[in-house]
Amino acid sequence: MAGIVTWQFRHLLAIGTPLLILIAAYLFYFVDQTVATSMCANAWFFAVPLVLGALTGVIGERSGVVNIGIEGQMLTAAFASFFTAAATKSLVAGVAAGILAGVAMGAFLAWTTVTARMDQIIAGVAINIVATGITSFFYKSGAQLPVNMPQWNVPVLSKIPLIGETFFQTGPIALFALLIAPVLHFAMFRTRWGLRTRAIGEYPSAADTAGINVNRMRFVNVVLAGILAGAAGTYLSMEATSSFSRGMTAGRGFLALAIMIFGAWRPLRVVAAALFFGFANALASQLQGVVDIPQQFVTLLPYVLTLAVLAIAAGRVRAPAAEGVPFIKGEGQ
Amino acid sequence: MTQAESRPEAARGRPPSTEERVLELQGLSKSYGAVHANSDITLHIGRGEIVALLGENGAGKSTLVKQIFGLTRPDAGRIVIKGDSTPIKDPKDAIRRGIGMVHQHFQLVPVMTVAENLILGHEPVRGGIRLDLAAARMMVRELSEKHGLAVDPDARIEDLPVGAQQRVEILKALSHRVDLLILDEPTAVLTPQETDELLGVLSELAAAGTAIVFITHKLREVLAVADRVYVLRRGRVVGTVPTDETDAARLATMMVGHDVILRVDKKPSTPGKAVLSVRDLVVRDNRRLTAVDGFSIEVRAGEIVGIAGVEGNGQRELVEAIAGMRSPLSGTVRLGDRDITRFNAADTNAAGVGHIPEDRERHGIVASYSIADNLVLNCFDSEPYSRHWIRNISAIREHAIALRAEFDIRSASIDATAGSLSGGNKQKVVVAREMAARPRLLVAAQPTRGVDIGAIELIHRRIVEARDAGAAVLLVSAELDEVLSLADRVAVIHAGKVVAELPGDLVDRAEIGRLMAGERPGVPPTDHRSDGES
Amino acid sequence: MVPLVALAAAFSVGALLIRSQGVNPAYAYESLFSYALLDGSGLTATLQKVVPLVLCGLAVAIPLRLGLFNIGGQGQFMVGAIGAAAAAYALRSAPGIVTIIVTMVVGVLAGSMWASIAGLLKAARGVHEVISTIMLNSVAGGLIDWMLNGPLADEQVPYPASHAVPGSAQLPPIGVVPIGLPVAVTLAVATAWLLRRTTIGFRFETVGRNRYAASYAGISIRTTTVVAMGIAGGCAGLSGGIELVGVEPYRYQDGIAASLGFDGITIALLARGNPIGTIPAALLVAAMRAGAPHLALDTGLRPEIVDMVLAITLLFVSLPLVVKLIFRKHAAKGSQLASSWGA
Amino acid sequence: MRSKFVLSAPVFVLALGLAGCGGSTGGAGSGATPTDCSSSETFCVGLVTDGSKIDDKSFNQAAWAGVQKAKDSLGAYVRYIEPAEAKDYAASIKQFTDQKYDVVITVGFLTADPTVAAAAQNPGTKFIGVDQLLDTEKVKSPNLTGLTFPADQAGYAVGYLAGLLTKTGKVGAINGLEIPPVQKYFKGYEAGAKASNPKVEVVGVYHPAGGQPFNDPVWGAGEAKKQLSQGVDVIFGIGSNTGNGALNEVAKSSGAGTTRFCIGVDVDQWGTLPEARPCLVTSAEKLISDGVAELLGQAGDGTLKGGNFLGKTGISQFHDFDDKIPADVKAKVEDVVKKLADGSLQTNVVL
């Protein structure tokens with residue numbers, strides 16, 4: 001009985017919360033069309049790299065590998081994509097290079113933590129430091145994208161008031177982020193890959209006894225997650241702006257970590273969390289000079305809320321149980 | 001399902017069809033470092049046969065079945081499955097070849113549902129992508145009906161009671177075609193009713209032709225369901241016997257062994273006042289089941305009281321409760337006039353209790369510490385080993401030098417790490433530390449497990465000396481010989497209770513065997529183990 | 001030995017990079033270190049950097065003994081420095097010596113408190129210290145930013161900064177030796193002593209090496225966790241306080257913490273978690289950072305070459321496999337420096 | 001121990017080998033053998049950046065350009081240092097003074113205090129502090145010149161242009177940190193826009209800090225996007241990379257250069273930020289390179305005086321927009337610039 005009640009309640013929440021938010025957004029829209037639209041668009045613009053970064057973390061942690069090197073992965077990708085595009089005069093080559101850079105950093109993390117069983121935290125720290133070093137050492141000013149990334153208006157959908165402009169009048173990477181989140185959510189909870197991924201992150205020896213190659217799967221997942229971090233970095237230097245500057249990730253990789261936790265390691269909730277913080281940011285700049293709240297409080301909101309979530313809801317919101325622990329065959333239980 | 005259908009007796013007397021060997025082990029050996037977990041093990045099992053592997057903890061049972069399931073590789077020897085001696089690569093290979101395993105530590109993902117756990121590794125999909133959970137649920141229901149093991153396919157594992165988790169674990173093993181089912185201590189966590197249910201299922205499976213390897217140290221279960229028993233001690237098969245030709249007492253004796261009878265020279269004891277008084281102690285184990293159930297005992301100064309019993313009858317929890325490492329549910333523990341029931345480990349020690357822990361590697365020593373530091377682990381915070389938070393290195397060293405000589409700890413120096421020592425010398429370090437402060441009460445749990453003869457003699461001698469010096473000693477050991485040769489008084493524990501107290505020198509081994517098996521004169525064998533909640 | 005091999009390897013890779021820029025590596029390294037260690041002002045700059053690096057290295061090394069990974073040195077340093085700035089401003093008319101003492105104490109307490117939050121969250125709620133310290137770093141950044149624009153702002157300065165420490169409480173270097181150097185060195189030695197010779201250190205070590213044996217020995221893992229984080233934060237906080245009274249511009253302003261948090265990790269790992277080892281490790285990092293601008297001036301190399309070499313050093317020092325290739329025997333020891341995440 | 005040492009020896013050899021196999025010269029456009037600046041024949045100029053890099057497309061780059069401009073006419077030997085953190089400023093300055101450089105230029109208000117201190121200690125060296133307003137009551141070193149710019153005037157001029165260009169009646173600005181140098185530009189901009197178009201609405205937003213207020217182009221772009229969709233059609237990006245992000249966003253938007261315009265800051269961003277060209281009508285310039293070059297020229301012929309020196313500001317060329325901007329607009333703006341320069345027009349900006 002209790003199970004049924006919980007089930008219904010959970011589904012009510014899952015459907016009801018976005019619905020309420022949507023209603024609120026449209027109420028706002030009818031009050032002030034331009035401000036509502038621009039703020040929502042701004043929120044999503046801000047949220048895209050966070051979604052991609054946080055999803056990188058989700059895949060890694062769901063598989064049992066902690067990734068605190070997302071910041072470095074993004075930075076390297078931003079660097080590689082921008083300068084490749086500038087050098088080859090090809091956007092496609094740039095995007096490919098950015099994604100490849102993310103994947104390469106992912107492969108590095110996978111190799112050090114899964115294969116070499118190095119401490120995952122140290123590996124992440126190393127990635128961040130190396131990324132800062134490489135990108136500033138090889139940085140040369142004066143490079144320029146051949147053309148800007150295209151803005152796509154998705155047919156039909158982009159005509160929807162509010163939502164259309166927010167989500168469907170964007171560049172390819174933002175659209176990719178919009179698309180990949182539900183796809184990943186589905187994959188994580190409704191496919192063979194997802195079931196196995198969750199199993200190796202929660203209880204690797206159970207997966208091992210069921211005949212799943214835990215370490216190979218972790219390796220592949222961390223490498224694949226690099227695609228998302230790569231896309232996030234590429235978004236920063238090629239889509240959100242058309243330039244690279246040193247340290248331009250500006251802590252977004254760490255913010256992504258917070259969002260991953262706040263989103264309870266679930267892709268769709270990650271999107272919601274990223275949008276929430278994006279909207280808080282948009283609201284803060286919109287209210288600048290109108291209401292006198294210190295801007296800084298808005299910036300540190302995600303971190304404080306994440307700490308609060310961890311402290312208060314420690315029992316309910318929890319990380320995959322086996323994350324951070326290398327899997328050694330035959331020692332598991 | 002009703003109890004009547006699953007009476008273990010119903011299964012007895014099946015003709016074992018041993019002509020077709022499902023599994024054969026030939027000279028299997030496996031070592032971890034210097035420890036020989038399995039030495040030259042040879043055994044076989046036929047279609048429809050239930051074979052029990054009986055042995056104390058650490059006898060090598062789990063290591064053995066891990067090799068059969070492909071979780072580790074043997075160092076030497078062959079595993080032949082249905083005539084095929086190709087080495088087993090990994091669990092996947094084992095599953096493919098018709099082996100199913102129910103693990104001692106459930107191999108279930110706690111946050112996933114029953115159905116999800118059951119399909120892990122061989123998931124049904126629809127349209128090539130989407131997990132077919134409906135099919136999975138169906139499969140669970142079918143399996144569950146077929147084997148009479150009721151589970152809800154949509155329940156999350158972590159929400160289920162242990163018994164239900166066990167059912168899932170069994171169903172998981174049976175979700176493939178299984179010719180050989182291995183169960184590693186499946187009943188350790190079950191209530192008597194659940195145990196009976198399980199034994200019934202096993203009998204039915206065997207009747208349908210499945211070969212079953214069943215690991216346990218509970219004699220009743222062996223007798224109830226198995227056709228044959230292999231008894232393991234210290235990594236070796238010490239005997240195999242059809243269950244028809246044996247009884248609980250004989251099995252108990254085989255298990256605890258009679259290879260070396262160590263004579264300990266000791267004078268008759270002259271007990272003084274009571275030092276330890278345990279009254280109606282109730283302690284739960286890690287799974288929140290009642291392990292110690294109304295235990296009472298008194299140990300007087302100058303006397304060794306031995307606790308004899310088959311492992312898993314509450315000994316560990318009893319010791320931990322007395323030593324302050326586990327909080328009892330009810331009852332009292334008094335040391336002389338002081339109530340130490342709620343003391344933590346440090347306070348208990350300070351009150352004058354020495355504790356030789358059962359798990360030496362885990363609790364007893366810090367492997368990377370020097371011998372000297374290990375020797376003050378229980379008293380580093382008190383004078384003369386420290387003063388005002390500053391450690392007195394010279395006092396610590398003097399202490400170590402003295403104890404090293406006194407307990408004959410064989411090492412290069414007192415600065416050698418404890419991890420570099422042999423098992424016997426490690427144990428000497430632990431014993432030396434716990435006895436150094438001349439405790440009023442010494443609680444010794446398995447004080448000579450995995451230790452060479454020389455060390456055993458020394459440790460026994462020291463324990464007797466401590467007694468003669470007026471200490472009260474509570475000795476818990478799985479080695480019956482150890483208990484019999486050391487104890488002035490023997491208390492037999494079964495299902496968390498004292499079932500009998502006997503004077504140490506007037507013990508008939510067969511009698512003790514029966515008591516350990518849960519029998520009482522005139523009382524038919526029943527399992528009194530209660531589970532507190534059910 | 002492993003750190004030395006790692007260093008040699010990192011410097012070799014650095015040499016390749018330098019060559020690729022058309023500069024003679026030997027000349028470049030000579031230029032870097034001769035300025036940082038032999039030139040008067042270079043040496044002062046180096047030694048000034050050594051102080052916070054040693055202390056932030058300790059802030060990582062101490063919890064590492066328990067298997068805790070403190071990557072919050074940055075935030076703890078910042079909180080210590082801002083606390084010191086607030087104290088110095090509050091005591092601006094008090095005698096210099098009083099200001100100095102109170103400032104240091106406040107710095108220590110502030111840093112300690114900030115780290116203890118992570119310690120408490122870990123002990124009481126099982127929140128992993130890596131996550132909580134990352135979050136706390138960002139929270140500290142935001143709060144301080146607000147203070148520098150609000151309650152603690154010096155309106156005379158055209159950028160966000162606290163009031164400068166009153167002149168009587170400023171402690172400029174004596175000769176080439178910054179005032180914090182003896183403090184940092186003493187503290188490193190004291191920490192080594194604390195770990196080796198006191199019961200507190202013994203508790204830390206025991207928890208770190210075998211937590212089961214620790215609880216068997218009656219050591220409270222929770223208390224030990226909070227205490228260790230508190231001490232670590234105190235070190236970082238103290239270094240914030242020293243920075244404020246001992247280093248120009250004697251005030252809190254943006255970028256005062258630079259990359260100290262991460263450098264502290266590099267140093268702790270380079271020192272193999274040994275407190276005394278943080279001194280040479282910090283000296284190396286400090287010399288490279290202090291020498292970088294000179295290197296750039298002298299050779300036209302980008303100063304970021306130094307970050308590259310340090311990053312590679314960290315990588316090599318923490319990568320057992322790479323070390324294994326060189327040194328087969330020793331690999332096993334290197335891999336167990338920090339405990340894993342879950343337990 | 002011995003075996004370990006032996007094993008590691010090859011690594012050291014490798015390191016030394018790599019180090020040694022290079023040529024003997026320093027290489028890459030750098031005199032590894034330092035010129036002797038103590039001799040009177042060589043005129044040495046050193047520049048210390050403010051923690052940003054020499055290629056920051058802004059202040060430091062412009063100051064360095066000024067040095068380069070003066071280099072040939074003076075026959076000077078010029079070098080720069082990029083200190084990584086605030087506590088390195090003094091040591092960096094000292095490197096130049098130790099080598100007896102004739103002129104040391106420090107860039108940015110962050111380096112003001114160490115410059116004042118160094119000037120007092122090295123009376124024989126000339127110091128030029130770019131963007132450093134000296135408190136002449138306290139600072140009396142005759143060898144220190146503070147070069148500042150009336151940023152409010154430049155802001156006013158571009159604001160005036162913006163007010164004339166806007167069709168929607170809304171102009172915006174994306175600002176870095178809320179500090180006086182930025183505020184001056186913005187308030188000037190506001191005043192200028194109101195002066196040319198009293199009905200105009202001016203919106204501006206400051207970076208909420210938290211790390212890198214001047215190096216967050218993504219934030220700048222996002223805010224620009226928001227302002228554009230709220231009807232703003234001219235955006236002034238004030239604040240280094242953050243502002244650049246905003247200009248970039250305008251340049252990418254539809255209508256860039258026809259209905260939407262952007263305005264650069266500090267230097268002529270037509271050159272430093274080519275990606276903004278589609279919308280970049282002009283830049284509010286602090287004529288930093290001119291100022292630096294002028295002061296260096298004075299230093300070269302020994303006429304450089306201590307104290308504050310007010311440089312010039314202005315608006316950059318219109319480049320490709322020269323023919324797109326109506327002649328009357330250009331005329332009005334030129335007039336305003338002229339009046340600001342001769343002091344007949346006040347911006348009335350107070351912070």
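Letters A, B, ... mirror the listed sequences (proteins, then strands); counts begin at 1. FYI, side chains are in, hydrogens and waters are out, and symmetry mates aren't considered; it's all heavy atoms of this structure.
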A:Tyr203 side-chain N/O to B:Val111 backbone N/O, donor-acceptor pair under 3.5 Å:
no
Do B:Asp90 and A:Asp208 have side chains that approach each other closer than 4.5 Å (heavy atoms only, starting at C-beta)?
no
For B:Arg177, is the CZ atom crowded, meaning more than 12 foreign heavy atoms sit under 6.0 Å from it?
yes
Only pairs of heavy atoms separated by less than 4.5 Å count here; which of A:Glu202, A:Arg198, A:Arg192 has the most with chain B?
A:Arg192
Any donor-acceptor N/O pair, A:Arg196 side chain to B:Gly121 backbone, under 3.5 Å:
yes
Let me know if B:Leu108 has heavy atoms under 4.5 Å from chain A in its side chain, its backbone, both or neither.
backbone
Donor-acceptor contact below 3.5 Å, side chain A:Arg190 vs main chain B:Arg130:
no
Rounding to 0.5 Å, atoms CG (A:Asn213) and NZ (B:Lys92) come to a distance of 8.5 Å
Is there side-chain contact between B:Glu123 and A:Thr191, with at least one heavy-atom pair below 4.5 Å?
no
Minimum side-chain heavy-atom gap B:Ile129-A:Trp193 below 4.5 Å:
no
Heavy atoms only: give me the nearest A:Ala210-B:Leu120 pair and the separation to one decimal.
CB-O, 3.4 Å
Hey, mind stepping through B:His103 and A:Thr209 against side chain to side chain contact (heavy atoms under 4.5 Å, CB included) and telling me if it holds?
CA-CA 9 Å; B:His103 299 263; A:Thr209 55; 3.5 Å; yes
Could you look at B:His176 and say if it's the side chain, the backbone, both or neither that has a heavy atom under 4.5 Å from chain A?
neither
